[in-house]
Amino acid sequence: MKLIIRTFIILLIAININELHCEATGSINLHGYIQTRFTTDFDQSNDFMIRRGKLWVDGNAPGLDNVTYKMQFVYRSFKDEAFMFQDAFADVHFDNFGYFRAGRFIPDFMLQRMQPDYEIPDIERSSVINGMIHSTKSMARQIGIQMTYQTKDVPVHFSLGAFNANLESPGKNKDVNLLYTTHLQYFLYKNDYALIEVGGSGSYRYANGITMSNIFNSNQIIVGNDYRWGFETQLNYKDFGFQSEYVQANINKEKAWGYYLNANYFITDKVQATIGDEKFADLIPTNDDSNWYKVGFNYYFTEKTKLMADFKTQFSSIKNNYLGELQFQVFFK
């Protein structure tokens with residue numbers, strides 16, 4: 001009953017939020033999208049799911065043109081079965097410099113992690129990107145602050161952030177240690193038709209009695225230094241796009257690592273073909289770390305409303321694995 005009441009209240013707010021009036025120069029904008037997905041392993045499982053149903057509001061703070069905010073909810077049928085609060089942050093923008101962000105948000109670490117999932121040409125982010133997030137319990141979000149240098153005139157993006165590192169319920173940092181992150185991108189060439197970008201990211205925290213279920217067994221308690229780093233590249237020219245990252249985590253004396261290579265090409269204005277290779281070598285002995293190879297096609301009804309399909313295979317000495325996915329994404333604003 002509590003879940004039904006909570007869901008009804010959130011939906012009621014969503015329906016009526018555009019009718020709110022903000023004083024002075026404030027604004028409220030409503031956004032959202034739904035991703036309905038069918039997956040099959042061609043052996044034991046067929047499954048329909050709501051992969052993501054997101055709803056968020058953003059805008060300017062009343063009377064402050066240089067201060068913006070965002071609050072976001074998400075629903076996932078396969079995991080939470082409820083609306084979950086994801087993002088809650090505010091940005092202070094500085095002319096010809098960048099912005100300062102404070103609140104709960106995704107730290108600027110790894111290229112594909114920072115790209116909106118509704119914009120990337122692949123149905124799902126690569127396994128190494130999902131595996132290297134710093135907290136699996138908070139949907140990759142952390143509470144903290146971040147300063148980002150980014151201007152139109154200088155071809156550089158650079159950020160520094162500090163966040164809670166060792167959480168205890170309901171999310172309070174339990175010691176003096178913090179998570180520090182940084183991300184540097186340099187645009188060698190950029191215009192309306194082409195992009196060449198290289199960059200890297202890094203992070204550090206002292207893990208003090210926490211779990212890292214994407215890298216270690218879920219019941220394993222980790223204490224020690226946690227260094228993570230990666231490098232990236234993007235190459236786009238007209239209808240062709242290529243993107244790749246390598247990411248590594250050094251935790252105490254152990255190493256987890258992985259990479260992906262993704263390419264895509266618009267065959268027509270609405271039909272896009274994709275191909276990729278990805279690998280994530282975690283520290284869970286029972287997991288198969290062999291490469292996954294994938295091919296896919298996307299049909300764009302609009303820029304963000306699209307039908308996506310892909311096929312993935314993992315060759316193994318024990319058993320080859322296969323995965324087929326079909327996703328319908330509807331975006332509204």
Side-chain angles (χ1 to χ4, degrees), residues 37-47 49 51-52 76-80 106-107 109-113 117 120 122-142 166-167 179 201 203 205 207 209-232 243-262 274-296 310-325 327:
R37 185 181 301 180
F38 174 77
T39 65
T40 179
D41 63 4
F42 302 98
D43 184 20
Q44 297 180 342
S45 175
N46 293 328
D47 185 33
M49 71 175 75
R51 178 59 182 90
R52 298 177 184 91
R76 301 178 295 182
S77 70
F78 70 102
K79 204 165 189 179
D80 304 312
I106 300 174
F109 176 74
M110 300 185 295
L111 170 63
Q112 197 182 53
R113 181 67 258 181
D117 56 73
I120 62 177
D122 299 295
I123 289 182
E124 194 64 55
R125 288 186 178 89
S126 299
S127 55
V128 64
I129 302 302
N130 288 327
M132 288 293 188
I133 59 175
H134 291 94
S135 176
T136 58
K137 297 179 180 180
S138 60
M139 297 173 285
R141 273 70 180 172
Q142 304 288 139
N166 298 297
L167 299 180
L179 164 67
S201 55
S203 72
R205 68 177 167 186
I210 60 175
T211 59
M212 302 180 189
S213 59
N214 281 3
I215 298 177
F216 297 91
N217 284 319
S218 59
N219 61 350
Q220 190 170 347
I221 305 300
I222 309 301
V223 176
N225 293 315
D226 177 4
Y227 297 94
R228 304 186 191 190
W229 58 273
F231 58 84
E232 67 191 51
Q243 182 170 305
S244 178
E245 284 185 85
Y246 174 90
V247 188
Q248 180 173 310
N250 295 88
I251 303 170
N252 293 325
K253 295 183 179 180
E254 299 187 86
K255 179 179 75 172
W257 63 277
Y259 67 86
Y260 69 85
L261 303 98
N262 290 337
T274 66
I275 188 170
D277 170 21
E278 64 178 81
K279 178 181 178 66
F280 179 40
D282 57 32
L283 298 169
I284 303 174
T286 56
N287 283 356
D288 188 341
D289 297 334
S290 301
N291 290 49
W292 280 92
Y293 303 95
K294 57 186 177 181
V295 294
D310 68 19
F311 174 77
K312 301 177 183 179
T313 183
Q314 182 185 51
F315 300 110
S316 171
S317 58
I318 300 175
K319 177 188 176 183
N320 293 341
N321 296 307
Y322 304 96
L323 181 65
E325 298 174 299
Q327 178 171 283

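Going from atom CG of Leu323 over to atom CG of Asp310 covers 7.0 Å, rounded to the nearest 0.5 Å. Rounding to the nearest 0.5 Å places CZ of Arg37 at 4.5 Å from CD of Gln327. Here the CD atom belonging to Glu254 is positioned 11.0 Å from the CG atom belonging to Asp282, to the nearest 0.5 angstrom. Rounding to the nearest 0.5 Å gives a distance of 6.0 Å between CG of Asn217 and OG1 of Thr286. The CG atom of Asn321 sits 12.5 Å away from atom NZ of Lys312, with the distance rounded to the nearest 0.5 Å. One distance of note links NZ of Lys294 with CD of Gln314; it measures 13.0 Å at 0.5 Å rounding.
Between Asn262 and Gly276, the shortest heavy-atom distance links the atoms OD1-CA, 3.6 Å. Taking all atoms of both residues into account, the shortest heavy-atom contact from Tyr322 to Phe42 is CB-CD1, 3.8 Å. Between Asn214 and Phe280, the shortest heavy-atom contact is O-CE2, 3.6 Å. Scanning all heavy atoms of the two residues, the minimum distance from Ala256 to Met132 falls at O-CE, 3.4 Å. For the pair Ser201 and Met110, the tightest heavy-atom approach, listed with the atom from each and the gap, is OG-N, 3.4 Å. Closest approach of Leu179 and Ser203 over heavy atoms only: CD1-CB, 4.2 Å.
In this structure, Asp226 pairs ionically with Arg228, as a charged nitrogen and a carboxylate oxygen lie closer than 4.0 Å.
You'll find the side chain of Asp289 stays beyond 4.5 Å of the side chain of Trp257, heavy atoms only. Side-chain atoms of Tyr293 and Phe311, non-hydrogen and from C-beta on, never get closer than 4.5 Å to each other. In this structure the side chain of Thr39 never reaches within 4.5 angstrom of the side chain of Glu124, judged on heavy atoms. Taking the side chain as every heavy atom from C-beta outward, Ile221 and Thr211 approach each other to under 4.5 Å. Under the 4.5 Å side-chain criterion, counting only non-hydrogen atoms from C-beta, Arg113 is in contact with Asn130.
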Show your reasoning for whether side-chain contact (heavy atoms from CB on, under 4.5 Å) applies to Ile251 and Met212. CA-CA 10 Å; Ile251 303 170; Met212 302 180 189; 3.6 Å; yes
side-chain contact (heavy atoms from CB on, under 4.5 Å) assessment of Lys279 paired with Val128: CA-CA 7 Å; Lys279 178 181 178 66; Val128 64; over 6 Å; no
Test log, rule side-chain contact (heavy atoms from CB on, under 4.5 Å), inputs Leu283 and Lys255: CA-CA 8 Å; Leu283 298 169; Lys255 179 179 75 172; 5.9 Å; no
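When atom types are taken as modelled, the side chain of Asp41 and the backbone of Gln44 share a donor-acceptor pair closer than 3.5 angstrom. At least one donor-acceptor pair under 3.5 Å links the side chain of Asn252 to the backbone N or O of Val223. Checking side-chain atoms of Ser138 against main-chain N and O of Arg141 turns up a donor-acceptor pair under 3.5 Å. Side-chain atoms of Arg52 never come within 3.5 Å of backbone atoms of Asp117 as a donor-acceptor pair (strictly under, hydrogens ignored). Side-chain atoms of Ser244 come within 3.5 Å of backbone atoms of Tyr260 as a donor-acceptor pair (strictly under, hydrogens ignored). In this structure a side-chain-to-backbone donor-acceptor pair under 3.5 Å is missing from Glu325 to Ile123. At distances below 3.5 Å, not a single donor-acceptor pair connects side-chain atoms of Asn166 with backbone N or O atoms of Ile210. The backbone N or O of Ser290 lies less than 3.5 Å from a partner atom in the side chain of Asp288, making a donor-acceptor pair. For the pair Glu245 (side chain) and Leu111 (backbone), a donor-acceptor distance under 3.5 Å is present. Of the possible polar contacts, one joining the Ser316 side chain to the Ile318 backbone as a donor-acceptor pair under 3.5 Å is found.
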